Amino acid sequence: MAEANVAAASLFGADGRLCSADILAPPEVRARIEVAVLNFLAALASPSSPAISVLPLISRSSANCSLRSGLLNDVSSVYLSYTFCKRSLTHNPKAFVRVWKVMEMCYKILGEGKLVQQRELFYKLLSDSPKYFSCQRHVNQAIQDVVSLLRCTRQSLGVMASSRGALIGRLVLHEPDGEQIDCSILGASGHAITGDLNLLSKLNLSSGSRYIIVVEKDAVFQRLAEDRLYNQLPCILITAKGYPDIATRFILHRLSQTFPNMPIFALVDWNPAGLAILCTYKYGSISMGLESYRYACNVKWLGVRGGDLHLIPEDAFQELKPRDLQIAKSLMSSKFLQESHRAELALMVERGKRADIEALYSHGFDFLGKYIARKIVQGDYI
């Protein structure tokens with residue numbers, strides 16, 4: 001699409017090739033929804049318009065994504081360009097209608113000053129429009145479509161994702177009401193991260209840590225918390241208990257911005273999914289490419305890596321599953337996978353094996369903390 005036609009092809013044009021979602025106040029979002037409705041009605045009333053059944057959305061495909069490098073730091077993030085796809089009433093009528101249903105609901109939510117979780121939104125839409133919303137995926141897809149159409153963040157729409165994340169360690173959270181949460185004196189489950197990004201953005205953070213360690217699994221997180229790793233190694237531990245949700249990525253980004261000299265290390269399984277999780281923290285995701293730059297962090301891969309495999313008993317390795325190979329293929333075709341990560345992935349595929357973090361427990365339950373400390377001190381990360 002020619003540069004001159006970019007603004008005309010979308011409801012809310014912006015300058016430059018990098019396309020992003022804005023953080024907007026409720027009145028501004030409601031105004032954009034009203035503009036979308038008025039434009040649709042105007043097209044509907046025009047006898048010469050053939051495109052009344054089409055909504056232009058920023059394409060969330062690998063072909064439309066690139067990697068943007070930071071000018072003042074070494075953080076890179078996924079971004080989307082101004083290439084459009086379409087939701088059509090003729091080709092996919094249900095998906096087309098879902099966009100309008102979600103916008104209608106968001107308009108009401110914002111008017112009432114509420115903030116709802118995606119799961120709550122699903123049940124409301126399931127009740128009101130069961131013909132169009134039979135599963136959570138339909139709601140998630142429609143929300144991303146609305147983000148692509150209106151160019152505002154999901155939180156700006158009054159929608160937040162459920163947060164699974166937790167953190168613990170040498171960190172004090174100062175809440176706006178004056179309450180302080182010392183994360184170094186909590187139980188092994190840590191402090192639950194709220195899904196409300198507005199609340200997270202208002203926290204003041206203070207820390208005596210030197211490192212941030214992102215842990216893939218909740219069980220491993222709780223083992224390190226139980227061992228009070230942060231008392232031996234001055235650090236903050238954080239986990240999303242699997243693939244990272246927005247809130248966990250948001251607070252990690254806030255930590256990286258507040259403490260720019262504090263390196264971030266990732267402890268993930270040695271398998272394609274573990275690398276995919278690390279890349280989501282590091283670069284963001286294509287599906288949320290309009291917002292990825294707000295959450296990307298310079299995350300280093302601490303372990304488990306190929307150089308650690310000698311520490312793992314042979315019978316602890318597992319065969320790669322079809323799903324692993326599918327993820328590996330997707331990562332290999334990625335534009336942004338760095339060469340050292342690509343080499344690790346190739347080794348996984350070549351060996352046809354995978355290894356969990358927990359395999360290191362063969363050396364004792366206290367070995368993992370020593371393993372982490374040794375690798376950090378020796379600079380053994382990529």
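Fair warning: this is a prediction, and the values are worked out from it, not measured in the lab.
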When you check the gap from the basic side-chain N to the acidic O, do [X] and [Y] get nearer than 4.0 Å?
X      : Y      : answer
Arg98  : Asp145 : no
Lys217 : Asp269 : yes
Lys375 : Asp308 : yes
Lys300 : Asp380 : no
Glu226 : Arg223 : no

Among Leu200, Asp245, Leu255, the one residue meeting side chain to side chain contact (heavy atoms under 4.5 Å, CB included) with Phe250: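 It is Leu200; the other options fail the test.
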Residue pair Gln222 / Asp218, side-chain donor-acceptor N/O under 3.5 Å: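 Indeed, the side chains of Gln222 and Asp218 share at least one donor-acceptor pair under 3.5 Å.
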Look only at the side chain of Ser334 and the backbone of Ser330, and say whether a donor-acceptor pair between them is shorter than 3.5 Å.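 No.
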Would the distance check show the side chain of Asn140 and the main-chain N or O of Arg137 forming a donor-acceptor pair, the cut-off being under 3.5 Å?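 Between the backbone of Arg137 and the side chain of Asn140 there is no qualifying donor-acceptor contact (under 3.5 Å).
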Are Arg30 and Tyr107 in a cation-pi contact, defined as NZ or CZ under 6.0 Å from the six-membered ring centre and within 45° of the axis?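 Satisfied, under 6.0 Å and within 45°.
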Would Arg351 count as a cation-pi partner of Phe317, with NZ or CZ less than 6.0 Å from the six-membered ring centre and within 45° of the ring normal?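 Yes, Arg351 and Phe317 form such a contact.
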Strictly under 6.0 Å, is that where the ring centroids of Trp100 and Phe40 end up?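 Yes, the ring of Trp100 comes within the 6.0 Å limit of the ring of Phe40, centre to centre.
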Heavy atoms of other groups near Glu112 CD, more than 12 under 6.0 Å: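 Result for CD/Glu112: enclosed.
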Arg374 atom CZ: more than 12 heavy-atom contacts under 6.0 Å: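 More than 12 within 6.0 Å, yes.
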Does His191 reach the side chain of Leu173, with side-chain heavy atoms less than 4.5 Å apart?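 Heavy-atom side-chain distance check passes, below 4.5 Å.
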